[in-house]
Amino acid sequence: MRDTPPVTPNQPSELIASLTHLKREFLVAGLFSLVVNLMMLAPSLYMLQVFDRVMSSQNEFTLIALSLITLFFFVVMAFGEWARSRLLVRMGTRMDEMLSSRVFSASFEARLNKTDQTATKAFSDLTNIRQFLTGNGIIAFFD
């Protein structure tokens, strides 16, 4: 049987290494989150402009222009949410692909050596991490 070398303090764990490998995707997801959160200011700014400009001037063209601009901001916000969620799902899948074979090998060896009674716990831990990366937890973190 093959023994895996222990992780030294200077060597990052495989989980940390895989998350570091996905650093670019985290930055892009953060950028999409920034855009989405800025676009969430659109309804408040719209109402301020309506009460400030449209109510005082009674100009319908100003109301239509403000409404179209706000509608555009909603479309940008929807696209940002969609792109961010797709990116996070792909990122979770990539991380799962990077780590699943290693987790399977480690769990299989632990089961053969009878060193750990909860050898299948590693799979559930990997699934929990992937679900966190693709779910509402990471979106709340970015927001």
Side-chain angles (χ1 to χ4, degrees), residues 2-112 115-143:
R2 172 185 134 232
D3 287 334
T4 58
V7 177
T8 61
N10 295 336
Q11 179 186 7
S13 69
E14 292 180 40
L15 178 63
I16 300 292
S18 66
L19 290 175
T20 304
H21 185 70
L22 298 172
K23 183 173 28 173
R24 180 175 175 262
E25 285 84 355
F26 278 118
L27 292 174
V28 172
L31 180 67
F32 279 124
S33 295
L34 175 71
V35 169
V36 165
N37 286 323
L38 284 176
M39 293 300 117
M40 285 195 181
L41 293 173
S44 300
L45 294 175
Y46 174 76
M47 292 309 295
L48 286 171
Q49 293 301 316
V50 165
F51 285 128
D52 185 40
R53 297 178 189 273
V54 177
M55 296 296 272
S56 62
S57 69
Q58 301 289 319
N59 191 344
E60 290 178 7
F61 178 74
T62 305
L63 178 63
I64 292 171
L66 285 173
S67 298
L68 289 176
I69 290 169
T70 305
L71 181 65
F72 172 74
F73 287 156
F74 282 150
V75 169
V76 170
M77 183 173 64
F79 174 75
E81 288 274 353
W82 173 79
R84 177 177 64 179
S85 67
R86 285 194 53 129
L87 176 71
L88 290 173
V89 166
R90 286 184 181 171
M91 188 172 59
T93 304
R94 278 187 58 205
M95 190 193 76
D96 191 22
E97 288 172 355
M98 284 189 276
L99 294 176
S100 63
S101 63
R102 175 68 177 114
V103 168
F104 176 76
S105 298
S107 245
F108 187 70
E109 287 178 13
R111 187 71 167 165
L112 285 177
T115 57
D116 190 7
Q117 299 298 327
T118 58
T120 58
K121 187 175 182 311
F123 283 114
S124 65
D125 290 344
L126 182 61
T127 302
N128 287 339
I129 291 171
R130 186 183 40 128
Q131 286 176 347
F132 175 78
L133 288 178
T134 59
N136 292 332
I138 195 77
I139 291 173
F141 175 73
F142 279 124
D143 288 345

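Count residues from 1 along the sequence.
Judged as a salt bridge (charged side-chain N to carboxylate O under 4.0 Å, His left out), not a single pair has a partner in residues 32-46 (not counting sequence neighbours). Judged as a ring pair (Phe, Tyr, Trp, His ring centres under 6.0 Å), not a single pair has a partner in residues 55-76 (not counting sequence neighbours). Pairs of residues two or more places apart, or lying in two chains, never qualify as salt bridge (charged side-chain N to carboxylate O under 4.0 Å, His left out) while including a residue from residues 62-74. Note on residues 63-75: pairs passing side chain to side chain donor-acceptor pair (under 3.5 Å), not counting sequence neighbours, are Tyr46-Ser67.
For the atom pair Leu71 CG and Leu66 CG, the distance stands at 12.5 Å (nearest 0.5 Å). Between the CD atom in Gln131 and the CD1 atom in Ile138 there is a gap of 14.0 Å [rounded to 0.5 Å].
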Identify every side-chain donor-acceptor pair in residues 19-26 under 3.5 Å, counting partners at least two apart or on other chains, and give the distances.
{"residue": "Thr20", "atom": "OG1", "partner": "Ile16", "partner atom": "O", "Å": "2.7"}
{"residue": "His21", "atom": "NE2", "partner": "Arg94", "partner atom": "NH2", "Å": "3.3"}
{"residue": "Glu25", "atom": "OE2", "partner": "Arg94", "partner atom": "NH1", "Å": "2.4"}

Taking only distance into account, with no hydrogens and no angle test, what donor-acceptor pairs under 3.5 Å do side-chain atoms of residues 76-86 form with protein atoms, sequence neighbours excluded?
{"residue": "Glu81", "atom": "OE1", "partner": "Arg84", "partner atom": "NH2", "Å": "3.0"}
{"residue": "Glu81", "atom": "OE2", "partner": "Arg84", "partner atom": "NH2", "Å": "3.2"}
{"residue": "Arg84", "atom": "NH1", "partner": "Ser33", "partner atom": "OG", "Å": "2.7"}
{"residue": "Arg84", "atom": "NH1", "partner": "Asp143", "partner atom": "OD1", "Å": "3.2"}
{"residue": "Ser85", "atom": "OG", "partner": "Glu81", "partner atom": "O", "Å": "3.3"}
{"residue": "Ser85", "atom": "OG", "partner": "Trp82", "partner atom": "O", "Å": "2.9"}

Show me the donor-acceptor pairs within less than 3.5 Å that the side chains of residues 48-55 make with the rest of the protein, sequence neighbours left out.
{"residue": "Gln49", "atom": "OE1", "partner": "Arg53", "partner atom": "NE", "Å": "2.4"}

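For Val28, the side chain to side chain contact (heavy atoms under 4.5 Å, CB included) criterion is met by Phe32, Leu87, not counting sequence neighbours. Evaluation of the side chain to side chain contact (heavy atoms under 4.5 Å, CB included) rule for Ser57 yields Asn59 as partners, not counting sequence neighbours.
Closest approach of Ile139 to Leu88, counting heavy atoms only: CG1-CD1, 3.9 Å.
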